[in-house]
Protein chains: 2
Amino acid sequence: MGNEKPIGVAVLGLGNVGSEVVRIIEDSAVDLAARIGAPLELRGVAVRRVADDRGVPAALLTDNVEELVSRDDVDIVVELMGPVEPARKAILSALEQGKSVVTANKALLAQSTGELAQAAERAHVDLYFEAAVAGAIPVIRPLTQSLAGDSVLRVAGIVNGTTNYILSEMASTGADYSSALADASALGYAEADPTADVEGYDAAAKAAILASIAFHTRVTADDVYREGITKVTPADFEAAKALGCTIKLLSICERITTADGQQRVSARVYPALVPLTHPLATVNGAFNAVVVEAEAAGRLMFYGQGAGGAPTASSVMGDVVMAARNRVQGGRGPRESKYAQLPIAPMGVIPTRYYVSMTVNDRPGVLASVADEFGKREVSIAEVRQEGITDEDGVPAGARIVVVTHRATDAALSETVSALADLDAVQSVNSVLRLEGTAE
Amino acid sequence: MGNEKPIGVAVLGLGNVGSEVVRIIEDSAVDLAARIGAPLELRGVAVRRVADDRGVPAALLTDNVEELVSRDDVDIVVELMGPVEPARKAILSALEQGKSVVTANKALLAQSTGELAQAAERAHVDLYFEAAVAGAIPVIRPLTQSLAGDSVLRVAGIVNGTTNYILSEMASTGADYSSALADASALGYAEADPTADVEGYDAAAKAAILASIAFHTRVTADDVYREGITKVTPADFEAAKALGCTIKLLSICERITTADGQQRVSARVYPALVPLTHPLATVNGAFNAVVVEAEAAGRLMFYGQGAGGAPTASSVMGDVVMAARNRVQGGRGPRESKYAQLPIAPMGVIPTRYYVSMTVNDRPGVLASVADEFGKREVSIAEVRQEGITDEDGVPAGARIVVVTHRATDAALSETVSALADLDAVQSVNSVLRLEGTAE
């Protein structure tokens, strides 16, 4: 150690996370140097508009990303700019110039993972992205390293804090979706345009990253089946409660063997009923959790803060220290492992369980004809509840039937639901949600 | 890649974990080779007595540890023999001969971590031990790598499955310690001689390892304050329940600033009251969990199976794959980081909260004199309960007083308890337990 050459860091972006990263690099300089074996030095921070009220010495600020990335004394580039472009261009440029890169850009990773990994491979440098999934929670490193000798079967996580806050609110207060979203916005948990969160795009990008790593297969966001939470109703939460469940937006990555004997990867995001006894059921508010099931390890759970400046900066800095150590020692961390390249399973072949809620005419034979539509498609029914309902004046207005099925292919279930909607006796199919985290 | 030279592995010990490690090396050969970049080849397995009914080809078995370790075609030695000796000798010999070592031997690590780390350092090889703490749960790697850019404040874990099984039984069935221990033995959760588990030695070894890593300081098992669970009674569980708590054996590692302004490391193991709302309260049976609190990351929790052949083998194999990759790539994983070398804080200066249960004479002024003993030592009382008790014939037999204190130094609390025992009005001090996981 002693007089090791410093490791130069460039930070791109000075939002919540970037500011915390800069703070840690400066405040923890002595500790970081001891852990790395060389001092970590901040070379510059790229911002959209240089101003002197950013809490960073003006001399360090620049609006010229390319120039900062290209500096000879920059060894590690930390990309925290956000959108796919210009982040992609900046990262590729950094990698091509032999800089190690740390990024939290899940949208970019879920789209261009192959391109970025290959650029890192060619340049023999590290590309780390622990912060891209589940904020402060170590998930990428446990999957790529700790479980490197095991065989991952399934990863199921709550990886979007905004939707988890909204669903937790709906569960605990009985609020409807719109007012829970309004609360989330007021508290800063939802962005002005919440689409990426509530429609599941963010969760899908993270599912793609998790599936890629867990199954050594390149999975992009386009490969992920996706449903958002905008259609979840208070009635769904009531029905869930009656079934001993709550509702969570899950990102699920699974290795399955399809009917043809082929191993495939399934990656999917949807709101699902989860039994209250399942570890993910108790993850509330803006917290994240990821459950990993592996052949030898069994079930593991990782829990913590999934977003926010400081927690995300913790993950980023872990990656920075590892990349810096590797540069000091002349080595490199584990590279992308995509040897398996399993095909992606289409949603239709995935075995899931369904919860279906419908309003029917209350007359003899209706339940039988409903049950018949399930039976014809070999969808086995696990549980049925029927209760009479009345209109606002207390006049009988038919019945509500809730059906919970055993596991069947998503295609068979979805055909059954279409057929139910076409039955004369069925006034409306009110909700269709999947049920996860149960035995069969 | 292509025709990379194979990586040779020697396994020392063929118990539950060793057998699973051998099975994974053989059954997952293709996957492991793809992940490592070279085939992993089992060179031999050291056993105490060679026999042909061990599920391993007899040609691979040997009772000569030293000869196996010294083979030129062995690159990685996996030590799963158990006791401190001869494991220490075998590991030192392997390291000195330039082999990377993977071990799950917590007792050895908690005693000889410095000696082993220095030997690995001299030989420029990896010494990995993820499986030594909390079985399948990745804890060592997240602490050394994912949190390498953060500042760990506290690690608190349930890291001994035997005692957690016993305490969970006592909590749920009201059983006393002896019968819960008998159940644990019958189910194979406790060993014939359960001392290492029930007296907290195993948890203390793991606390030493966790504290060493979390605080970049060499901590041995002797530095860990230790109390076992043998004195915990059903009455304690009743009192805990009344306080909204349960009782868990905790391994706690903390960085504290003592009165003299010096940063110190505290490592301690004892049964403690934990609020039912704390994430560790719901960790039951043979499961393990570790909660890490870091400055930027906030609170993280890692949960999973803490023991058993397959789960522990998963951790061991993660280390084997990482060590093998490093050999293929000509690098090395992160080395021991002990730059901080903080002094160990004696238990007396540690601020804790106490729960004290005592039987007193039921007459005026007793509560005042009890309270006075706390007040004299500046121990602030948070909660008091007093109730009359009767003997077997229903005759009044005094009162039970339960006191819960605010945080005070352990020395002050322990002096207070001694003074209480000396009071004429106090018939007996029945229980003294610490309270953890609360705000103040």
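Here is how names work: the chains are called A, B, and so on, in the same order as the sequence lines, proteins then strands, and each is numbered from 1.
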Novice: Between B:Lys248 and B:Asn284, do the side chains contain an N or O donor and an N or O acceptor separated by less than 3.5 Å?
Specialist: yes

Novice: Can you tell me which portion of A:Glu130 sits under 4.5 Å from chain B's heavy atoms? Options are side chain, backbone, both or neither.
Specialist: side chain

Novice: Quick check on the interface: out of A:Glu20, A:Gln329, A:Gln145, A:Met301, who has the most heavy-atom pairs with chain B under 4.5 Å?
Specialist: A:Gln145

Novice: What residue, out of B:Pro311, B:Ala324, B:Ala289, has the most heavy-atom pairs lying under 4.5 Å from chain A?
Specialist: B:Pro311

Novice: Heavy-atom distance under 4.5 Å to chain B: side chain of A:Ile137, backbone, both or neither?
Specialist: both

Novice: Taking the six-membered ring of A:Phe215, is NZ or CZ of A:Arg264 closer than 6.0 Å to its centre and within 45° of its axis?
Specialist: no

Novice: Sub-3.5 Å donor-acceptor pair from the side chain of A:Lys206 to the main-chain atoms of A:Val159, do we have one?
Specialist: yes

Novice: Return the minimal non-hydrogen interatomic distance between A:Ala148 and B:Met322, and the atom names on each side.
Specialist: CB-SD, 4.5 Å

Novice: So which of A:Ala296, A:Ala310, A:Ala136 has the largest heavy-atom pair count under 4.5 angstrom toward chain B?
Specialist: A:Ala296

Novice: Less than 4.5 Å to any heavy atom of chain B: does that hold for the side chain of A:Tyr303, its backbone, both, or neither?
Specialist: both

Novice: For chain B, find which of A:Val21, A:Leu147, A:Asp31 contributes the most heavy-atom pairs closer than 4.5 angstrom.
Specialist: A:Asp31

Novice: Anything under 30° is parallel, anything over 60° is perpendicular, the rest tilted; go ahead and classify A:Tyr165 against A:Tyr189.
Specialist: tilted

Novice: Please determine whether a side-chain nitrogen of the Lys or Arg among A:Arg255 and A:Glu295 lies less than 4.0 Å from a carboxylate oxygen of the Asp or Glu.
Specialist: yes

Novice: Between B:Gly318, B:Gly304, B:Ala297, B:Ala340, which shows the greatest number of heavy-atom pairs under 4.5 Å with chain A?
Specialist: B:Ala297

Novice: Please identify, among A:Asp319, A:Ile25, A:Leu300, the residue contributing the most non-hydrogen atom pairs under 4.5 Å to chain B.
Specialist: A:Leu300

Novice: With a 4.5 Å cut-off on side-chain heavy atoms, are A:Leu210 and A:Val133 touching?
Specialist: yes

Novice: Less than 4.5 Å to any heavy atom of chain A: does that hold for the side chain of B:Thr312, its backbone, both, or neither?
Specialist: neither

Novice: With only heavy atoms counted, which part of A:Arg299 is less than 4.5 Å from chain B, the side chain, the backbone, both or neither?
Specialist: backbone

Novice: Do you see a donor-acceptor pair shorter than 3.5 Å between the side chains of B:Asp126 and B:Ser100?
Specialist: no

